[in-house]
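Note sheet for the following structure.
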Amino acid sequence: MKRLLRVWSGSLILFALLLSPLVPAQEPLTVEWHRVEFAPTFILAGAARDQGFGDALLRALISRLPQYRHLMVNAPLERALDRTSTSTSTRLACAVALLLTPQREQHIHFSNPFLYTSTNGTLIRAADYRRFEPFLRDGRLSLGQVLQTRAFTLGIAHKRSYGPSLNALIAQHAGQPYLIEKGGQGSTLSLLSTLSKQQQHVDLVLAYPLEAAYWLKTSRSPVPLHFLPLTEAAAREEWRVGCSRTPQGEQLITAINALVTDPAFRQSYLSSHAQWQAQLSGILRGAPTPSEIPQP
């Protein structure tokens, strides 16, 4: 009798399980990694495609975060920033190599710095150096004095942050005809191309020395450019990862913060960064050397 009851009970359980609706396994959260054309951080085309140090960082992050589904998205900066301001229950938008600003922090969770790098400066045509000598102090250019003359046209990238002091300075001159703001993928590269073609409506372009050196090498421009550090710029800049300001975004940033303290993880992309610095050294006149960038 007991054996019959056990068989009967087992049959009832099996019958109940067959009748119950199947509960699907929860899908992993998809992280959209937005890559902006920003070589040699992210290299989206050419012989060195996907070999930037930002690409190396993303590969390291993806390998150490298997609990997520990862998706690469190539997008201009303004679209990347727009996507990080929105998210869904199944998708999370993130971007790498961002500067923290109060405006961005309203809708983006930022990681701790993963890289300390040189600041933005101005690129000019080397032949125009004497035009800017009156605004130089100890080898650094006062961009504020240059803009006050209204005699020089500055090219900047739409939605790009250049650090607190430079952002505030640019805001004072917003909408003026001597300030050209270009958007879209590769906006800074397009401005550098305009500058090198000696088109007189662009006299200066704000950029990082490493990205300008990469552009000079790959474009093979016959017009030499010169990098001028700025009196208004900070000593260095802190690059961070940013994700949508949601509980899921905060959780991912917490995991990233733990990774960037791991020396082995940091070496996975810092070695690539050092290689690009060495490869591009000496290409751009006036560019700072790695030893001139203060580290914490």
Can we call the ring centroids of Phe53 and Phe42 under 6.0 Å apart? no

Is the shortest side-chain N to carboxylate O distance from Arg49 to Asp55 below 4.0 Å? no

Are the charged groups of Asp128 and Arg125 less than 4.0 angstrom apart, N to O? yes

Between Gln176 and Arg150, which heavy-atom pair has the shortest distance, and what is it? OE1-NH1, 3.1 Å

Determine whether Tyr162 and Glu237 satisfy the following criterion, side chain to side chain donor-acceptor pair (under 3.5 Å), listing intermediate values before the conclusion. CA-CA 9 Å; Tyr162 295 100; Glu237 285 180 355; over 6 Å; no

Between Glu78 and His158, do the side chains contain a donor N or O and an acceptor N or O under 3.5 Å apart? no

Quick check against the 3.5 Å criterion: does Glu232 have a side-chain atom that pairs as donor or acceptor with the backbone of Gly144? yes

State whether the number of non-hydrogen atoms from other residues, nucleotides or ligands found under 6.0 Å of Arg285 atom CZ is greater than 12. no

Determine, using ring centers only, whether Trp239 and Tyr116 are less than 6.0 Å apart. no

Side-chain donor/acceptor of Arg35 to backbone N/O of Leu44, under 3.5 Å: no

Carboxylate-amine/guanidinium contact Arg69 Glu27, below 4.0 Å: yes

Picking from Val260, Leu100, Ile256, what satisfies side chain to side chain contact (heavy atoms under 4.5 Å, CB included) with Ser111? Ile256

State whether Arg79 and Glu32 are salt-bridged, where the test is any N-O pair (Lys NZ or Arg NE/NH1/NH2 against Asp/Glu carboxylate O) under 4.0 Å. no

Under 3.5 Å donor-acceptor, Asp203 side chain and Thr153 backbone: yes

Cationic N near anionic O, under 4.0 Å, Arg64 to Asp262: yes

Verify, without hydrogens or angle tests, whether Glu238 (side chain) and Leu99 (backbone) share a donor-acceptor contact under 3.5 angstrom. no

Nearest heavy-atom contact between Ser193 and Trp215 is CA-CZ2, 3.5 Å

Working for side-chain contact (heavy atoms from CB on, under 4.5 Å), residues Leu92 and Thr30: CA-CA 6 Å; Leu92 179 65; Thr30 296; over 6 Å; no

